[in-house]
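Scope of the values below: all heavy atoms of this structure, side chains included, with no hydrogens, waters or symmetry mates. Chain naming here is simple, since letters A, B, ... match the order of the sequence lines and numbering starts at 1 in each.
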Amino acid sequence: MGEWRRSHYSGQLSSENQDEEVTIAGWVHEIRDLGGVMFLVVRDREGEIQITLPDSKVSDNLSQKASNLNKESVVMVRGIVKEDERAPGGFEIIPEQIKVLSQAKTPLPFEVSGNVNTDLSTRLNSRFLDLRRSEIASIFKVRNTVLTKVREFLETDGFIEINTPKMVATATEGGTDLFPISYFEREAFLNQSPQLFKQMMMSSGLDKVYEIGPIFRAEEHDTHRHLNESISIDIESAFADHNDVMEILEEMIAYIIEGVKKECKKELKEIDSKVEEPELPLKRLRYEEAIEIANQKDIDVLWGEDLSTPAEKAIGEEIGDYYFIVDWPSEIKPFYAQPKDENSDLSKAFDLMHPEFEISSGAQRVHNIELLKERMIQQGLDPNDFDFYLDAFEYGMPPHAGWGLGAERLIMAITSQSNIREVILFPRDRKRLIP
RNA sequence: GCCCGAGUAGUGUAGUGGCCGAUCAUGUAGCCCUGUCGAGGCUACGACCCGGGUUCAAAUCCCGGCUCGGGCGCCA
């Protein structure tokens, strides 16, 4: 590379650069030799640019160098920009010098520039190469925008970003399986959720906190919408009830989608995403109404049961947009979900649903320590295992509410991907631990 | 974890007892070609997941294993 530095990304060239000397850097996307003229297409993060080598205008030496290149090799090209309507994009570069920084081995694990489809599994084995396809890179550019918008929205709303431990001594709330790890002489676990820690922060006076971090689930699920390691977007707000945080959630979703539509036009087009901003306020469907819809569609759900996958799909089809399910039975929601004042069989818990899957769940939390202990016992947990958590409720705990949102689920919805593994760089699922 | 399906060149596929010394596309290599843009033309290269079994004969049928996919369950 020497003293050479990239002067422009391919997408930055315009008629203002006519006859200018530029230096571009990227991967050899295509090589086409027509005899008297050769075309190299160099690809970088922002697009592609054609390098044209007419025998009459470039040295034999340079032509020889270009023809020896393999696809996907890394090169820097210094040359003169020429506007030419025959070139894709309207511009091309007549090279003066080409530096081959890394010759790619052949054959490639799969084609980057061709039209042959490749199985997801094969692609994931060589994810670095997969990301060289712009439609794949687009998904991750959208992902970046989603996470940026989350921070923008929550920061503007006065939330403080926190980080809580991922190595913990006990199960957060029972139910799910944890990955055991070795912590010096003790057994420990990878945390399934920041739930208990963010609730403890409600006792701290920070009032409104959020965390974007990994969660780990040792469940043996193996589906298109489950991961064993994923990113959770969690908030917790003091002096708030479930309705308050549902409003935050729906407004945040709308803000994210609006932002993505504005800032990722090119990427959305590339991945053919039909994302639409939801109409607010989102429908609040009572649990009871939800099972009625399922039952009407001949999917049996009994009161007190969680909604099965076919039930979720049937209801989502009926609603057709994001929606909340509220008034869940207390017994199928975690111990920390606050029962409703007028009927304790129901809870102040909610799920946010995309027509095809759940993307978030939350609740107003129990802040009364006696009730909290009672509910732990009801759900088969021993309050003594949770002293570190319960202590925070002993010395002044305000009413509070919050939710956890699966980042990949949301990104999957926004990018119209049918497999969650498409929206995470290196998925961890039942079968895959490498790479 | 359960049920179902599938494993054929680097990639994606056709072939479901003999017609297969295995199809097509892409790729790779070489040659021709001065404006390609899914470039084109010609030539060559490259594969039946592994192990057992049935049969005169197995890519094809059976059994086991491994891997992958779909559905479900499980799942703050």
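- Put simply, CG on A:Leu381 is 13 Å from C1' on B:rA76, counting in whole angstrom units.
- Counting non-hydrogen atoms under 4.0 angstrom, A:Pro88 reaches a base of the nucleic acid.
- Proximity note for A:Thr309 (side chain, C-beta onward) versus B:rG35, B:rC72, B:rG70: the nearest is B:rC72.
- Judged by distance alone, with hydrogens and angles left aside, the side-chain atoms of A:Gln338 form no donor-acceptor pair with the main-chain N or O of A:Gln364 at under 3.5 Å.
- Contact annotation for A:Lys333: no contact, since no heavy-atom pair falls under 4.0 Å across all strands.
- Across all strands shown, B:rC31 forms a Watson-Crick or G-U wobble pair, both distances under 3.5 Å, with B:rG41.
- Residue A:Glu358 is out of contact with every strand shown, counting any heavy-atom pair closer than 4.0 Å.
- At the heavy-atom level, A:Gln199 lies nowhere under 4.0 Å from the strands shown.
- The nucleotide B:rA6 finds its pairing partner in B:rU67, both defining distances of the Watson-Crick or G-U wobble pair being shorter than 3.5 Å.
- Checked by atom type, the side-chain pair A:Thr223/A:Arg430 shows no donor-acceptor distance below 3.5 Å.
- Searching all strands for a Watson-Crick or G-U wobble partner of B:rG21 with both distances below 3.5 Å returns nothing.
- Distance CD (A:Glu111) to P (B:rG46): 19 Å, rounded to an integer number of Å.
- Closest to the A:Arg225 side chain, of the nucleotides B:rU11, B:rA29, B:rC72, is B:rC72.
- By the 5.5 Å and 30° criteria, A:Phe39 is stacked with the base of B:rU36.
- Rounded to whole Å, the C1' atom of B:rC48 lies 5 Å from the corresponding atom of B:rA59.
- Residue A:Phe110 places its side chain closer to B:rU11 than to any other of B:rG73, B:rU11, B:rA29.
- Salt bridge A:Arg143/A:Glu408: present, at least one basic N to carboxylate O contact under 4.0 Å.
- Side-chain atoms of A:Met246 and A:Glu250, non-hydrogen and from C-beta on, never get closer than 4.5 Å to each other.
- If A:Lys431 and A:Leu108 are placed on RNA chain B by their nearest nucleotide, the residue sitting closer to the 5' end is A:Leu108.
- Both A:Ser232 and A:Arg430 lie near RNA chain B, and the one whose nearest nucleotide falls closer to the 5' end is A:Arg430.
- For A:Glu92 against B:rG35, a side-chain N or O and a base N or O form a donor-acceptor pair under 3.5 Å.
- The residue A:Ile215 sits close to a base: some heavy atom pair falls under 4.0 Å.
- The existence of a salt bridge linking A:Glu72 and A:Arg43 is confirmed by a sub-4.0 Å separation between a basic side-chain nitrogen and an acidic carboxylate oxygen.
- Comparing the same atom, P, in B:rU26 and in B:rG40 gives a spacing of 7 Å after rounding to whole Å.
- Residue-level contact check: A:Asp234 touches neither bases nor backbone, having no heavy atom under 4.0 Å from any strand.
- Following rounding to the nearest Å, A:Asp177 (CG) and B:rA76 (C1') show an atom-to-atom distance of 14 Å.
- Nucleotides B:rG51 and B:rG71 have their P atoms positioned 33 Å apart, rounded to a whole Å.
- Closest contact between the side chain of A:Asp119 and the listed nucleotides B:rG35, B:rC33, B:rG12 involves B:rG12.
- Note on ring orientation: taking the six-membered ring where Trp is involved, the planes of A:Trp328 and A:Tyr287 are tilted (angle from 30° to 60°).
- For the pair A:Glu211 and A:Lys166, the salt-bridge criterion is met [side-chain N within less than 4.0 Å of a carboxylate O].
- Across all strands shown, A:Thr122 has heavy atoms under 4.0 Å from sugar-phosphate atoms exclusively, and none from any base.
- For the P atom pair drawn from B:rC4 and B:rC63, the interatomic distance equals 12 Å after rounding to whole Å.
- A:Ala87 comes within contact range of at least one nucleobase, with a heavy-atom separation under 4.0 Å.
- Spacing between atom CG of A:Asn117 and atom P of B:rU11 amounts to 14 Å, rounded to whole angstrom units.
- Taking atom P in both B:rU55 and B:rC72, one finds a spacing of 43 Å when rounded to whole Å.
- Atoms CG (A:Asp222) and P (B:rC68) sit 9 Å apart, rounded to a whole Å.
- Look at the C1' atom in both B:rC68 and B:rA29: the space between them is 32 Å, to the nearest Å.
- With a 3.5 Å ceiling on both atom-pair distances, B:rU13 lacks any Watson-Crick or G-U wobble partner.
- One can place CG of A:Leu53 at 16 Å from P of B:rU36, the figure rounded to the nearest angstrom.
- For the P atom pair drawn from B:rG38 and B:rA44, the interatomic distance equals 28 Å after rounding to whole Å.
- Regarding A:Met200, its CE atom lies at a distance of 17 Å from the C1' atom of B:rA76, rounded to whole Å.
- For B:rG18 and B:rC31, the P atoms lie 42 Å apart once the distance is rounded to whole Å.
- Taking a pair to require two hydrogen-bonding distances under 3.5 Å in either a Watson-Crick or a G-U wobble arrangement, B:rC75 remains unpaired.
- Among the atoms of the strands shown, base atoms are found under 4.0 Å from some heavy atom of A:His226.
- Among the protein residues, A:Lys313 comes within range of the sugar-phosphate backbone only, with heavy atoms under 4.0 Å from sugar or phosphate atoms but none that close to a base.
- The CE atom of A:Met38 sits 14 Å away from the P atom of B:rC32 (whole-angstrom rounding).
- Between A:Tyr389 and A:Phe386, the angle of the ring planes goes over 60°, which puts this pair in the perpendicular group of the 30/60° scheme.
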